[in-house]
Amino acid sequence: MIDPVAFAQALLRADSVTPARGAVFDVLETALVPQGFAVDRFTVGEAPDGPVENMLAVRGDGPQHLAFAGHVDVVPPGGGWTGSPWSGEIRDGLLYGRGAVDMKGAVAAFVAAASRSDAGTLSLIITGDEEGPATYGTVALMERMASRGVVPDLCLVGEPTSTARLGDMVKIGRRGSVNIWIEVPGRQGHVAYPHLADNPIPRLIAILAEIEGVVLDEGTDWFQPSNIEVTDITVGNPAHNVIPAKASARLSIRFNDRHRGADLIEHIRAIAERHAPGVVVTGKVSGEAFLTEPGAFSTLLSDAIVGATGVTPELSTTGGTSDARFLSKLCPVVEFGLINATMHKVDEAVAVEDLRTLTDIYANVISRALD
Ligand SMILES: [Zn+2]
């Protein structure tokens with residue numbers, strides 16, 4: 001049986017700033033192979049977004065298949081730590097290190113939980129690039145799974161979802177995210193001769209004024225209302241007496257499962273073209289919204305959490321995007337992990353007690369899902 005605390009320390013001592021390769025995966029493989037996992041490690045991509053190492057580990061051939069998804073890369077530690085960010089040291093009941101909560105702690109808890117059981121089919125979907133561009137991360141793992149016919153029935157993502165207490169929040173979906181650029185062309189000229197120029201700024205203001213009034217929806221049972229936020233307006237005109245040649249703005253939309261990213265880009269384009277013929281609107285969808293309707297899987301997880309902590313988790317769709325947005329195309333996905341208060345911060349730390357409790361919860365999920 002694997003001790004989650006000692007194993008988390010071993011993971012934390014392997015420097016794995018994104019994109020991660022090598023040592024941290026060696027630590028993982030050394031723990032999984034003796035448990036009977038078939039470990040498939042592969043490296044994909046080229047600079048600047050790669051190369052990235054990923055690992056698919058599968059054990060058993062039972063009828064039910066539970067997958068655990070996570071990452072072993074971490075954000076750069078930055079300066080100002082009390083100790084070394086790679087020490088994995090314990091002080092006053094807290095285990096310190098970059099990645100302690102996001103999310104080597106949860107990976108360690110799941111591997112320890114797996115060592116207590118041999119039921120069903122269990123897999124670990126572990127990427128070395130979640131914190132970076134994620135070009136060659138979970139998406140590459142899903143391609144690998146498809147080519148090998150690895151299809152889970154349920155997927156648990158171990159991101160740190162708890163807020164004030166371990167167990168207080170489970171994520172059953174995430175909002176989508178799209179960034180949009182609007183560029184209004186004009187004709188440069190002297191402000192004293194405006195009839196010889198064409199100022200793009202009033203048209204951009206009209207576009208943004210209409211966008212400010214758009215109500216995308218009123219929210220749903222599980223999602224807050226979708227929101228359009230203007231994040232930048234740029235003209236870049238240093239002169240008092242020049243009418244500028246162009247004016248641009250940038251928007252960020254966080255949207256619920258009533259929308260698709262591409263439709264939102266079209267919606268903004270239609271508004272912009274009404275006010276400014278010739279406007280250039282471009283968009284980039286960084287993730288679509290998804291929802292795993294509350295049901296058997298979220299209930300099973302909630303029961304395991306209540307059993308171990310006495311806390312009834314809130315089922316939430318708040319926060320930014322996560323790799324669950326990709327995995328939700330495979331099967332029902334829920335996310336549950338440690339308290340996220342110190343993630344990405346100086347002196348990131350997890351309570352040793354929480355690490356043990358999380359292991360109990362994950363072990364309970366494994367037995368409820370697979371037995
Ligand atoms: Zn994370």
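Both counts, for ligands and for their atoms, begin at 1 and track the order of listing.
Under 3.5 Å, the side chains of E335 and S322 contain a donor-acceptor pair of N or O atoms.
Ring orientation note: the planes of F336 and Y362 are nearly perpendicular, at an angle over 60° on the 30°/60° scale. The aromatic rings of Y193 and H190 lie perpendicular to each other, with more than 60° between the two planes, well past the 30° mark.
Between R356 and D3 there is a salt bridge, since at least one side-chain N of the basic residue sits less than 4.0 Å from a carboxylate O of the acidic one. Between D347 and R98 no salt bridge is recorded (no basic side-chain N to carboxylate O distance below 4.0 Å).
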Verdict with supporting geometry, H344 and D102, side chain to side chain donor-acceptor pair (under 3.5 Å):
CA-CA 8 Å; H344 296 206; D102 185 13; 2.9 Å; yes

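Taking 2.8 Å as the limit, the number of protein N, O or S atoms around the Zn ion (ligand 1) is 4.
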